[in-house]
Amino acid sequence: MSTYPFRTLEEKWQNYWTKHQTFAAAQKSDLPKFYVLDMFPYPSGAGLHVGHPLGYIASDIYARYQRHKGFNVLHPQGYDSFGLPAEQYAIQTGQHPKKTTGENIARYREQLDKMGFSFDWSREVRTSDADYYRWTQWIFIQLFDSWYDLNQDKARPIDDLVALLHDGGTQHIAAACDEDTPELTARQWEAMLPDQQQAYLLHYRMTYLAESEVNWCPELGTVLANDEIINGVSERGGYPVVRKKMKQWSMRIAAYAQRLIDGLEAIDWPQPLKEAQRNWIGRSQGATVVFALQDHKEQIEVFTTRPDTIFGVSFLTLAPEHDLVSKIVTPEQKEAVADYVMATAQRSERERMADVKTISGVFTGAYAQHPLTNAPIPIWIGDYVLAGYGTGAVMAVPCGDQRDYDFAKHFGLPIPLIFADVSIEEQAYTLKDPCIIAESDFLNGLNYKMASQKAIEALEEKGKGSGKINYRLRDAVFSRQRYWGEPFPVYYKNGLPQMISVASLPLKLPEVEVYLPTQDGDPPLGRAGQWAWDETNQKVVEIERINNTDVFPLELNTMPGWAGSSWYFFRYVDPANDQEFASQQALNYWQQVDLYIGGSEHATGHLLYSRFWVKFLCDRGYVSIDEPFKKLINQGMILGESAFAHRDDSGTNFLSADLIKGVSTQPIHVDVAFVSSANELDVEAFRQWRSEYQSATFALGQDGTFKVTREVEKMSKSKFNVVNPDDICQQYGADTLRMYEMFLGPLEQAKPWSTAGITGVHGFLKKLWKLYHSGPEGGFELSLKPASPEALKTLHKTIKKVTEDIENFSFNTSVSTFMITVNELTAMKCSVKEILEPLLILLSPYAPHIAEELWQKIGHQSSIAHEPFPIFDPIFLKESSKAYPISFNGKMRFMLEMSLDLSPKEIEEIVLAHEKTQEQLQGRIPKKVIIVPGKIVNIVG
RNA sequence: GCAGAAGUGGUGGAAUUGGUAGACACGCUGGACUUAAAAUCCAGUGGACAGUAAUGUCCGUACGGGUUCAAGUCCCGUCUUCUGUACCA
């Protein structure tokens, strides 16, 4: 009896697919296209663990399914190969990141190949290849050469802006630009020197240099974007982050805030993910209100969502970092204010977030004027006001806002009540509805909506404010003080940034000796010898040649990780193109990504930035779509089951899990490789693992074994709970791994990895193999007899279920269906060709290797990959369909066993043929059979 | 605080638009094969009660109500868990 030879057959078919380019997508085809994409991985040194392939398996099943369905499927894979870990490793070891990255990619590829994915590897991209990043640089140049026109609500060429300035100055221009952009007349513009004009245009460009507060991470030696900070510490490494002013490249993503919200309507993404993006963009509707200062020319602008409460303002609060603080502070308060500003600046972001309950603040001594009543309003500073949101200043309405209320109580400031019939003894009244305004002049008796509208009208009339929509989304900082990233195609001439010519791209990353900042604090590129730009010859030259006429310094920062990943999906459609990032023809054919699978951790990073860049490229006419990913699925994380051995206070004695009750012990992570599925620890292996455990003693439990405890945690090298897919492939095969990962549970749910049930799935494949290897010596044996009605029924049940499951991405239940099918076929000893052929096509997305092998054994010459998917035919289920009585309440009702597309007559026949029906009818002849929509059949007797 | 998702056997999880709850798998129990173990195969497996038995009856989808001939599924309320996010004015 031959056993299922998964190792040899999987290797055989993987080689076959590579050799025959089975999964290469046709660049031109009459077939409809389908684009299935995985979020490409960062090739880390740790290799893949069993969690990574989950999404890849799901997308692979879908891609293979769509091929069977007659689509020209694009299913590529690549690597997001610029990034911090390779650079950190380079700093420690001196190895070039290019080398380690290359090695890691090779390892990833080896692992991926073992799992039988149907990737079209001829289209592989790597973001760190110069052939790729030259187009990242090219997009940067397009951003630099664009501005955002609010009138047309799209990005336009900068030349259009120059023409507008020439014609009429800034008068008719509405643009997303820096706040301090001066107004100009056409004459003033014309009078500017070229350099002055260039400096002025920087206020408008989609990517611009700005001295801005950034998140500086001293440990990593770089700035971070907001989405790279989690709970006040860096996402990578968990290092503290402080605020710092630096000159940085920024991306004007905030200009797209509204379109990024609106665009969510049209795409099929998970609700929670859309919600996360909406929250991140943070639209809020309200008004800006201008408060004039007593004794100063300057004004304070605040943003409020409650203009209706304008008469309840009793003080203003500024963020300690607010520009005006030092200007308006009175001599008496100067010291106290300076101390407070200093104290807040020294607190890290994290500390500030940690104690939100402590109320602190200082009076500046200055007063503003109420815009409508002219009453004096004291100005305070307090760290509950964030510099980065709105204008960094708030009008405090203590009766309507809890934070203002707490602040007022703490410092004994007045709390005027401006709502009718509510009590604010204990806390502020923060509801917008129901809410009737009182004590507010012309707003009395109005509700929130009406009062807000009237207040805004009054403010506009006086020139003291206007209605405004505010967004939380800030422009994204685009510079990183790192080595391993895309160099900016930028050099500096007279202190002004210039783009290198598109023709001389790529600007290749220079070599450096050490991957650390320079002594002067410049980024690592400051160490490169060859890093100056010869403008005349448009090429990189030695820095010694920098002069004032034609050789200039190049930008030392590099681009962030999200640069390369924001457009890679376009490169796959035409990966070798050296004239364009992709040809119009290819872009027009492949369009959007139809299905995108990846983790939800990219909700506010990659998935937002990609949408931004695509909208920009669309505005500028380079692509015709304005959303990159039509449908998106977040696969749930596969968690690890960590194992702990418990050590008592002696430090060398370990207690079995059943002995730790009531004893003071410390749990120690042990490698899950030493632990059996019954939680039994291989004590000897554990001793050998670390020298410190060599002399450890072990108190065994009642059954004479040493037991560990388990806990579900994220899979991570440091928790020793990583399970390697290679090991599973070696032991059970790729088909088992693929099916088992799907079997674990719903795709979108997080679930712990456990090998407990893997034998069940493996057993299914063995059964399938055995069903068709029942001949002498275990040879392949297949009957050419026609299939029995029962077998056809089983087959068509399977076709129906599996098709529906794939369409609904409910792969886990498909696996069960296959098991049932094979059990049933085994029970009826059915091994006929008529059943096997369609069954293999159904199975091939899930277990492609065994499907190919049996397909070939049937006698087919070519791959199963493009065979048409079987079609469900209800006829085969009808034969054995049954009806049964379900309820008797005046009417007789029957239930069909299965919902079928049957004619009323056919249903009647089935119902009347049923034994129990006959009993219930007791010989009476029914007048008619009523079919209620759905499955219920009424019989009127 | 806010937003989202979810509560079903010992476990992972099934159950199309309301229609025989617990598919399938793991685990467990018993049996066959074996000197023995592994592997493999067969049978049983939500709970309670009754019966020698086939079988029957009742209770069961977090909790309390409701709609319906019929509710895991729909509606109202309560509780719990998970995930994301937060001085956002």
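From a predicted model like this one, the values you see are computed outputs, not experimental measurements. Letters A, B, ... mirror the listed sequences (proteins, then strands); counts begin at 1.
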In whole Å, what separates the [atom1] atom of [N] from that of [M]?
N	M	atom1	value
B/rU83	B/rA32	P	49 Å
B/rU78	B/rG4	P	16 Å
B/rC26	B/rC41	P	10 Å
B/rG22	B/rG44	P	15 Å
B/rA15	B/rU73	C1'	10 Å
B/rU34	B/rC28	P	24 Å
B/rU80	B/rA89	C1'	34 Å
B/rU40	B/rA48	P	32 Å

Please identify each residue that fulfils ring pair (Phe, Tyr, Trp, His ring centres under 6.0 Å) with A/Tyr732, with sequence neighbours left out. A/His762

According to ring pair (Phe, Tyr, Trp, His ring centres under 6.0 Å), who are the partners of A/Phe411, at least two apart in sequence or on a separate chain?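 Ring pair (Phe, Tyr, Trp, His ring centres under 6.0 Å) check on A/Phe411 returns A/Trp380, A/Phe407.
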
Side-chain ([X]) to main-chain ([Y]) donor-acceptor, under 3.5 angstrom:
X	Y	answer
A/Gln635	A/Gly599	yes
A/His606	A/His602	no
A/Asp805	A/Ser814	yes

Under the rule syn = chi within 90° of 0, otherwise anti, which is B/rG4? anti

Counting any heavy atom closer than 4.0 Å, what does [X] reach on the DNA or RNA strands: base, sugar-phosphate only, or nothing?
X	answer
A/Pro752	nothing
A/Asn812	sugar-phosphate
A/Glu275	sugar-phosphate
A/Gln749	sugar-phosphate

Within this structure, what is the [atom1]-to-[atom2] distance between [X] and [N], rounded to whole angstrom?
X	N	atom1	atom2	result
A/Glu804	B/rA15	CD	P	11 Å
A/Tyr471	B/rA89	OH	P	14 Å
A/Asn808	B/rU17	CG	C1'	13 Å
A/Leu431	B/rC2	CG	P	11 Å
A/Leu273	B/rG4	CG	P	14 Å
A/Lys751	B/rC82	NZ	P	19 Å
A/Gln427	B/rC87	CD	P	20 Å
A/Lys829	B/rC42	NZ	C1'	12 Å

For the OH atom of A/Tyr389 and the CZ atom of A/Arg472, what is their distance to the nearest 0.5 Å? 9.0 Å

Earlier contact from the 5' end, RNA chain B, for A/Gly392 and A/Trp280: A/Trp280

Where each residue is assigned the nucleotide of RNA chain B containing its nearest heavy atom, which of A/Gln271 and A/Phe303 is assigned the position nearer the 5′ end?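 It is A/Gln271 whose nearest nucleotide is closer to the 5' end.
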
What nucleotide among B/rC87, B/rC88, B/rG13 has an atom nearest to a side-chain atom of A/Tyr389?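 Among the listed nucleotides, the one closest to the side chain of A/Tyr389 is B/rC88.
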
Taking the side chain of A/Thr813 as its heavy atoms from C-beta onward, which of B/rA15, B/rA39, B/rA86 lies nearest to it? B/rA15

Going by the angle between their ring planes, with limits at 30° and 60°, are A/Phe872 and A/His796 parallel, tilted or perpendicular? tilted

Going by the angle between their ring planes, with limits at 30° and 60°, are A/Tyr4 and A/Phe6 parallel, tilted or perpendicular? tilted

Does some side-chain heavy atom of A/Met742 sit less than 4.5 Å from a side-chain heavy atom of A/Leu54?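 Counting from C-beta outward, A/Leu54 and A/Met742 do come under 4.5 Å.
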
Can you give me the dot-bracket string for RNA chain B, 5' to 3', counting Watson-Crick and G-U wobble pairs with both distances under 3.5 Å, using [ ] for crossing pairs and | for partners on another strand? (((((((..(((......[....)))((((((.......))))))(((((....)))))..(((((..]....))))))))))))....

With 3.5 Å as the limit, what N/O pairs link the protein to nucleotides 24-27 of chain B?
from   : atom 1 : to       : atom 2 : distance (Å)
B/rA25 : OP1    : A/Asn823 : ND2    : 3.3

Just jot down the salt bridge (Lys or Arg N to Asp or Glu O under 4.0 Å) partners of A/Glu804, sequence neighbours excluded, or say none. A/Lys800

Not counting sequence neighbours, which residues clear salt bridge (Lys or Arg N to Asp or Glu O under 4.0 Å) with A/Asp268? List them please. A/Lys631

Phosphate OP1/OP2 of B/rC88 contacted by A/Arg403 side-chain N/O (<4.0 Å):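 Answer is yes, contact under 4.0 Å.
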
